[in-house]
Amino acid sequence: MSREFRELDTTLIHSGEVEEKIEGAISMPIFQSSTFLYSGQSRYEDLKYIRLNNTPNHVVLHKKLAALEGGESALVTSSGMAAIATTLLTVLSSGDHLLAQDCLYGGTHDLLTRDFGPLGIEYDFIDAKDPESWGSKVRPTTRAVMIESISNPLMRTGDLPAVVEFARKHELVSLIDNTFATPVNFRPLSHGFDLVLHSCTKYLNGHSDIVAGAVIGQKAMIRKINKKLLHLGGSLDPHACFLLHRGLKTLALRVRHQNQSGLAIARFLADHEAVEKVNYGGLDEAAATAKLFAGYGGMLSFELKGGADAARRFLPRLRLAREAPSLGGVETLVTRPVTTSHSGLSIEDRQQLGISDGLIRMSVGVEGVRDLIDDLEQALL
Ligand SMILES: *Cc1c(COP(=O)(O)O)cnc(C)c1O
């Protein structure tokens, strides 16, 4: 069923689903079979096999994810990093050059800085908020530009329309990691981006129980990425496909709740005397992103007066919010990026990016916001 619906909520439930319910089952069953009967296929990628990403559980998800982001085609992968690495290695070859946002997710940052060199792929970092500074970094070999819709852990958003315009002008493939914003709050393809990437581990699945990724875009490009994925092997298992499919159905409900709770918590923290600084896009109503985003989700970060020592004392006092890496689930999690997501960066790099030792990142879950605020209040005393 690839009909267009007026609202994302309906798309999440009904897009991509099989027309004839299998044995009458309302939920899509799990096809836990690595291989399927040969039925005369002549091309390798048409054989039905889990690694070829074409079993019934993959197909339903691909259609649903494509509808969700408003793309022609989608591909699920065994992790967010599998989606990012496979996509970048499809778009870029030895001798090519990439422009990448300077504060990318730690895994993506490390892929560029540690693995691209030996492969002969070059890159330069750009400040995504400063379009004037990009032009001088373009080379004849530049093929692509990669950014994130909301960056981790400072929740910054670059000049997104300028990235699209710049990519068109220089004939670059524009890639955006939309993990933090989710298509509920921002749909990059409708603003002209070429490829959208997700760590489905986070909001799309939403229950902190699987690792998965996805890439969405035009059919020809997704086909190329799929061909690369067949060789690199980062395919998603049908059982994980099933869980992601199930998690997706409540995406809009969860994210809208998280938009409200995230904003309420950001405001509470910004007004609290023990808090030095809060990073949350929704606090700046005049921001350029206000015209682009429907909300800012459940991700925020903040610094306490008293820095790292105060943060170390504060975290164990929390009772509802638990200290753990990762994000986007139904349970509220807190972490100090210097000890988890950004521990791989040098002290100089962290300072340059503005990530202090005392910074606390919070992934707001779907608990009642008054309970979460009570928890913060008792821990801040
Ligand atoms: C977690 C994350 C990734 C990596 O995803 P995995 O599923 O852990 O491989 C990529 N980008 C962003 C923005 C993330 O938060």
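Both counts, for ligands and for their atoms, begin at 1 and track the order of listing.
No cation-pi contact links Lys305 to Phe314, judged by a cut-off of 6.0 Å to the six-membered ring centre and 45° from its axis.
Atom 1 (C) of ligand 1 has as its closest protein heavy atom Lys202 NZ, 1.4 Å. The nearest heavy-atom contact from the protein to atom 9 (O) of ligand 1 is Met81 N, 2.8 Å. Nearest to atom 6 (P) of ligand 1 among the protein's heavy atoms is Gly80 N, 3.4 Å. For atom 11 (N) of ligand 1, the closest heavy atom belonging to the protein is Asp177 OD2, 2.7 Å. Nearest protein neighbour of atom 7 (O) of ligand 1, counting heavy atoms only, is Thr201 OG1, 2.6 Å. Scanning the protein for heavy atoms near atom 4 (C) of ligand 1, the closest one is Tyr105 CE2, 3.4 Å. For atom 5 (O) of ligand 1, the nearest non-hydrogen atom of the protein is Ser199 OG, 2.9 Å.
Between Phe125 and His109, the gap from one ring centroid to the other is short of 6.0 Å.
At a threshold of 4.5 Å between non-hydrogen side-chain atoms, the residues Leu380 and Leu269 count as touching. Side chains of Val278 and Ile265 form no contact here, defined as non-hydrogen atoms less than 4.5 Å apart.
The residue Ala82 has no part lying near ligand 1, judged by heavy-atom distances below 4.0 Å.
Of the polar atoms of Thr108, none of the N or O atoms is found under 3.5 Å from an N or O of ligand 1, judged by distance alone. An N or O contact shorter than 3.5 Å is missing between Phe180 and ligand 1 by distance.
Remark: Glu45 engages Arg223 in a salt bridge, criterion side-chain N to carboxylate O under 4.0 Å. Contact check on Arg51 versus Asp237 returns no salt bridge, with no Lys/Arg side-chain nitrogen under 4.0 Å from an Asp/Glu carboxylate oxygen.
For the atom pair CD1 of Ile147 and OG1 of Thr108, the computed distance is 12.5 Å after rounding to the nearest 0.5 Å. The structure places CE of Met155 at 13.5 Å from OH of Tyr296, a figure rounded to the nearest 0.5 Å.
Not a single heavy atom of Leu104 sits under 4.0 Å from any atom of ligand 1. Ser326 does not count as a contact of ligand 1, since none of its heavy atoms falls under 4.0 Å from the ligand.
Heavy-atom contacts of Ala212 reach the following atoms of ligand 1: 7 (O) (cutoff under 4.0 Å). Near Ile84, the atoms of ligand 1 lying under 4.0 angstrom from a non-hydrogen atom of the residue are 10 (C). Taking every heavy atom of Thr179 and a limit of under 4.0 angstrom, the matching atoms of ligand 1 come to 12 (C), 13 (C), 15 (O). Using a 4.0 Å cut-off to heavy atoms of Ser79, the atoms of ligand 1 that qualify are 7 (O), 9 (O).
Using cut-offs of 30° and 60° on the angle between ring planes, the pair Phe268 and His272 is perpendicular.
Using modelled atom types and a 3.5 Å distance limit, the side chains of His97 and Asp124 yield a donor-acceptor pair.
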